[in-house]
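Here's the structure, in structure tokens; my notes come after.
Everything numeric in this text was worked out from a predicted model, so none of it was measured. Both counts, for ligands and for their atoms, begin at 1 and track the order of listing.
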Amino acid sequence: MDYTTQTEQLRLSGSRDENLGVHSELFSAKSDFFGQDGGVVTALLLSGLEKNIFDAAIVVHRKKDRYLAEASVAETTAAILTASGTIFLQVNVLSKLRELLDSGKKRIAVVCLPCQVQAVRKLQQNLCRSVADVEITLIGLFCFEAFVPEKLKTEVQRLTGVDIDRAEKTRIQKGIFEVEIEGKTYNCKVSDLEGAVVEGCRRCGDFAATLADISVGSAGSPRGYSTVVVRSEVGKRLLQGLNVQRVETEKTELLKLCQLKKARTVKT
Ligand SMILES: Cc1cc2nc3c(=O)[nH]c(=O)nc-3n(C[C@H](O)[C@H](O)[C@H](O)COP(=O)(O)OP(=O)(O)OC[C@H]3O[C@@H](n4cnc5c(N)ncnc54)[C@H](O)[C@@H]3O)c2cc1C
Ligand code: SF4
């Protein structure tokens, strides 16, 4: 059985939508935590740690004064809180996961992109044969594309006149790439950053991290909210009792992006 079917059958639950994947719930939410959108990923990580669902989480920390980031292991509230926000780059979370597994850790959460969720599911399929008690919780982030750091820096400088290394926050919303520096927002069209996109992204058709335990993004939500797709019992447990304000997701907008990403793959 291939890892997609195996994951869907063994680990996920709910109805299967051709574009959105297997899911039992879809909603938009805002937590009490500061985050990229509604701070839901941060809230889920804190919830998992508190409920003892995992004892370490692989997150991403930005490097000081650079638009670069590295994967790190968070085992405390403070480490999770300082990792909030999005860096629109592919960061090597998988080698950090291997390191943790090699060190003997068995219950690990990973926040990662759809391509990385797939890689972890493949790894899990193999791991299960040898190490039955490894439990990996996957929080998938929606992703249309990631950027090559040095190319992104050059393109953002050319299109907006600012140095992305100085950004306090970057955001992608409705086709616009925003860079916040000292309270001012500079922007350009995401389509104008085409030359900075990671080559492999053009062959990737999974927008909504369809094999994760729970997927989170901004598409389909009002500004300041995260879109949440619950896909497994573990995802449900993370959400249980979580203090978030919920609103309805604009499902059509979300499905349009899922379809667009699939269609782009077929063309290339
Ligand atoms: C490359 C990339 C492209 C994206 N594209 C889209 C998109 O097209 N549409 C959309 O709706 N959403 C996209 N997202 C997701 C979105 O930007 C937010 O991450 C998501 O909405 C969660 O917001 P939050 O406030 O709940 O998260 P927060 O509470 O702020 O937590 C974010 C978590 O993500 C981790 N993280 C940050 N950057 C990375 C990274 N590069 N790799 C792995 N983990 C990371 C942080 O360590 C933190 O734990 C993208 C994310 C990335 C990394
Ligand atoms: S577009 Fe696909 S391959 Fe590129 S970073 Fe996102 S999930 Fe990975």
Side-chain angles (χ1 to χ4, degrees), residues 28-49 57-63 67-74 79-94 96-97 109-120 138-149 152 169-178 190 193 196-212 214-229 242 244 249-250 253-254 256-258 260-262 264-265 268:
S28 296
K30 187 184 181 64
S31 78
D32 293 337
F33 300 102
F34 175 79
Q36 178 69 21
D37 297 304
V40 170
V41 172
T42 300
L44 292 171
L45 289 171
L46 293 173
S47 153
L49 210 56
I58 298 175
V59 293
V60 160
H61 277 100
R62 181 166 164 193
K63 292 195 177 165
Y67 196 78
L68 290 173
E70 60 190 2
S72 56
V73 179
I80 287 171
L81 290 176
T82 53
S84 74
T86 301
I87 300 295
F88 290 94
L89 308 174
Q90 256 179 344
V91 178
N92 192 351
V93 295
L94 298 180
K96 198 47 95 185
L97 174 62
V110 190
V111 181
C112 58
L113 299 168
C115 54
Q116 297 164 333
V117 170
Q118 292 183 20
V120 177
L138 280 170
I139 303 180
L141 302 174
F142 293 178
C143 177
F144 203 80
E145 57 213 350
F147 300 97
V148 177
L152 182 65
K169 182 166 182 169
T170 50
R171 187 185 288 112
I172 293 181
Q173 205 135 27
K174 299 197 188 300
I176 302 294
F177 189 88
E178 298 178 1
V190 179
L193 294 171
V197 171
V198 171
E199 187 53 37
C201 295
R202 295 177 225 277
R203 293 186 294 277
C204 168
D206 185 3
F207 175 73
T210 49
L211 298 182
I214 190 161
S215 306
V216 187
S218 62
S221 285
R223 203 172 169 104
Y225 281 75
S226 310
T227 305
V228 184
V229 189
L242 206 66
V244 290
T249 299
E250 187 54 66
E253 186 193 323
L254 174 57
K256 214 164 97 185
L257 276 167
C258 296
L260 202 67
K261 194 166 174 201
K262 265 193 190 167
R264 185 180 70 167
T265 317
T268 52

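For a threshold of 3.5 Å applied to N or O pairs, the pair formed by Ala219 and ligand 1 contains at least one separation below that value. Between Ile172 and ligand 1, no N or O atom pair is found at a separation short of 3.5 Å. Between Phe142 and ligand 1, at least one pair of N/O atoms sits closer than 3.5 Å. Considering backbone and side-chain atoms together, Phe34 places no N or O closer than 3.5 Å to any N or O of ligand 1. Backbone and side-chain nitrogen or oxygen atoms of Asp37 are examined, and one is located within less than 3.5 angstrom of a nitrogen or oxygen of ligand 1.
Ligand-side atoms of ligand 1 in range of Cys143: 3 (C), 4 (C), 5 (N), 6 (C), range being under 4.0 angstrom from any heavy atom. Taking a cut-off of under 4.0 Å to the non-hydrogen atoms of Ser218, the atoms of ligand 1 that pass are 10 (C), 11 (O), 12 (N), 21 (O). Every atom of ligand 1 is numbered from 1 in the order shown, and the set under 4.0 Å from a heavy atom of Leu141 is 19 (O), 34 (O), 44 (N), 45 (C), 53 (C). Near Ser84, meaning under 4.0 Å from any of its heavy atoms, are these atoms of ligand 1: 30 (O). Near Phe144, meaning under 4.0 Å from one of its heavy atoms, ligand 1 places the atoms 5 (N), 8 (O). Atoms of ligand 1 lying under 4.0 Å from at least one heavy atom of Leu113, given by number and element, are 1 (C), 2 (C), 52 (C), 53 (C). For ligand 1, the atoms lying closer than 4.0 Å to a non-hydrogen atom of Gln36 are 17 (O), 18 (C), 23 (O), 25 (O), 28 (P), 30 (O). Residue-ligand proximity, Phe207 to ligand 1, at heavy-atom distances under 4.0 Å covers atoms 7 (C), 8 (O), 9 (N).
Using a 30° and 60° split on the angle between ring planes, Phe147 and Phe177 fall in the perpendicular class, above 60°.
Distances under 2.8 Å from atom 4 (Fe) of ligand 2 pick out the protein N/O/S atoms Cys201 SG.
Under 4.0 angstrom from ligand 1, the non-hydrogen atoms of Glu145 all belong to its backbone. For Lys261, every heavy-atom contact with ligand 2 shorter than 4.0 Å involves the side chain, none the backbone.
Within the structure, the closest approach of Phe144 to ligand 2 falls below 4.0 Å when heavy atoms are considered. The closest approach between a heavy atom of Leu45 and any atom of ligand 1 is below 4.0 Å.
A salt bridge is defined here as a Lys NZ or Arg NE, NH1 or NH2 lying under 4.0 Å from an Asp or Glu carboxylate O, and Glu250 with Lys174 fails to meet this definition.
For the side-chain contact (heavy atoms from CB on, under 4.5 Å) with Val111, the lone residue among Leu44, Leu138, Leu141 that qualifies is Leu141.
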